[in-house]
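Below, chains carry the letters A, B, ... as their sequence lines are ordered, and counting in each starts from 1.
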Protein chains: 2
Amino acid sequence: MPTSTRFAVAVHILTALAVGDGKPMRSDALAYSANTSPVVIRGLLSRLSDAGLTRSQLGAGGGSMLARPAKKIKLLEVYQAVEDTELFSLHRTPPCENCAVGGNILEAMNPTLMRARESLENELAKVTIADIASEVARLGKFTMPLVW
Amino acid sequence: MPTSTRFAVAVHILTALAVGDGKPMRSDALAYSANTSPVVIRGLLSRLSDAGLTRSQLGAGGGSMLARPAKKIKLLEVYQAVEDTELFSLHRTPPCENCAVGGNILEAMNPTLMRARESLENELAKVTIADIASEVARLGKFTMPLVW
DNA sequence: CAAAATGTAATTGTGTCAATTACATACTAT
DNA sequence: ATAGTATGTAATTGACACAATTACATTTTG
């Protein structure tokens, strides 16, 4: 039960904004770095902005910026901002209601699936965009802010 | 992404086998309970059998059975037996290698994604098919073994 | 040997995602 | 003001995974 690629690309976007010097970045620059199209980037930025993580500046010299310090943006927020689907998909068509197993299996599994999901989310809540950005800087042997 | 319903249905299958009296269950009976088709069930049983969780008996009076006591089957094993895709999908096309962020983002995110995945898997490893089966029996107000 | 059941290949329909095209909208800079 | 720039978003297309279905070979029971 995979996530879409949106989460990875959204983290990429936010990290790029975080390592920069705060000047707005255009969607085509982000698209180049993430190797996708500017429209896909703008679609993600739209969700991130709805979630209060970024804001955008129209017009010449415009682009997108973090709406908050990178240290205050948890990966969990990014995940929730861009992922639509439930982590665990259940039966495509509901199981037989009158069956001993079919009628109760969903309720029986639910607590376990909840715990598994929460456990994953707790890990994503421990890490911030600032953490990822400084790791990227370490691996790439550069210091922030990076002027593009 | 269209996420797979295989995990939920596989747990359903194994739970149905667990609450039964040990006699082989046919794929069409399982399909009826899970509200899907016998071919889908047999496809899942094929994976579960490869993983050593079930075995099947051909011919008249045949069907599928647990290959091990339900108490010895962890949900994690079921998950790994039937799910193909990585939990976190990365960029569809790899990010720009020469970019400061693109060249390092995957490696930078990897430890966090690993921890999140392991954390989810740990939760699934804590629960067995026997746990689910007895919860189903409790909710359905019947006692095991259930003769179909 | 006939019937029953699994095992699996091939086809089809559905849905999601991402790439693309196109255009409206809003803002900046001169 | 206005020309240019950038975002925002709708619509279309292609690719792909999943599951439902059809069909049939294989194996085993009775």
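- Evaluation of the side chain to side chain donor-acceptor pair (under 3.5 Å) rule for Arg42(B) yields Ser27(B) as partners, not counting sequence neighbours.
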With a cut-off of 3.5 Å and sequence neighbours excluded, list every side-chain donor-acceptor pair involving residues 46-57 of chain A.
residue	atom	partner	partner atom	Å
Arg47(A)	NH1	Val82(A)	O	3.4
Arg47(A)	NH1	Asp84(A)	OD1	2.9
Arg47(A)	NH2	Asp84(A)	OD2	3.4
Thr54(A)	OG1	Ser49(A)	N	3.4
Ser56(A)	OG	Ser64(A)	OG	2.8

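- As judged by a 4.0 angstrom heavy-atom cut-off over every strand, Ser37(A) is placed among the base-contacting residues.
- A straight line from CG of Leu44(A) to C1' of dA18(C) spans 10 Å, rounded to a whole angstrom.
- Distances shown here put every side-chain N or O of Thr36(A) at or beyond 4.0 Å from the OP1 or OP2 atom of dA18(C).
- Toward the 5' end of DNA chain D, the nearer of the two residues Pro38(B) and Arg47(B), judged by each one's closest nucleotide, is Arg47(B).
- Between dA20(D), dA18(C), dT9(D), one nucleotide has an atom nearer to the side chain of Ser46(A) than all others, and that is dT9(D).
- Taking side-chain N and O atoms only, Arg6(B) has a distance below 4.0 Å to OP1 or OP2 of dA19(D).
- dA20(D) atom C1' lies 15 Å from atom NE2 of His91(A), rounded to whole Å.
- By the side chain to side chain donor-acceptor pair (under 3.5 Å) test, Thr36(B) pairs with no residue at all, sequence neighbours left out.
- In this structure, Asp28(B) atom CG and dT6(C) atom P are separated by 7 Å, rounded to whole Å.
- For dG8(D), the OP1/OP2 oxygens have a side-chain nitrogen or oxygen of Ser56(A) closer than 4.0 Å.
- dT6(C) atom P lies 8 Å from atom CG of Leu30(B), rounded to whole Å.
- For Asn110(A), there are no side chain to side chain donor-acceptor pair (under 3.5 Å) partners, not counting sequence neighbours.
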Using a 4.0 Å heavy-atom cut-off to protein, can you give one letter per nucleotide of nucleotides 23-30 of chain D, 5' to 3': B if the base is in contact, S if only the sugar-phosphate is, - if neither?
----BBS-
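- Rounding to whole angstrom units, CD1 of residue Ile13(A) and C1' of dT7(D) are separated by 13 Å.
- The phosphate of dA17(D) has neither OP1 nor OP2 within less than 4.0 Å of any side-chain N or O from Thr85(B).
- Rounded to a whole Å, the CG atom of Asn35(B) is 8 Å from the P atom of dA20(D).
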Could you run down the sub-3.5 Å N/O contacts of the protein with nucleotides 11-13 of chain C?
none

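- Separating the NZ atom in Lys126(B) from the CG atom in Leu76(B) is a distance of 12.0 Å, to the nearest 0.5 Å.
- Ile41(A) has its CD1 atom 15 Å from the C1' atom of dA6(D), to the nearest Å.
- Results of the side chain to side chain contact (heavy atoms under 4.5 Å, CB included) test with Leu30(B) over Ile41(B), Val40(B), Val9(B), Leu14(B) single out Ile41(B) as the only residue that passes.
- Counting non-hydrogen atoms under 4.0 angstrom, Gly63(B) reaches the backbone sugars and phosphates but no base.
- We find the CD1-NZ distance between Ile129(A) and Lys71(A) to be 14.0 Å, quoted to the nearest 0.5 Å.
- Using a 4.0 Å cut-off between a side-chain N of Lys or Arg and a carboxylate O of Asp or Glu, Arg115(B) and Glu118(B) do not qualify as a salt bridge.
- Atoms CG (Leu45(A)) and C1' (dA6(D)) sit 12 Å apart, rounded to a whole Å.
- No more than 12 heavy atoms of other residues, nucleotides or ligands sit less than 6.0 Å from atom CD of Glu107(A).
- In summary, Arg138(B) and Glu135(B) engage in a salt bridge, as defined by a charged side-chain N under 4.0 Å from a carboxylate O.
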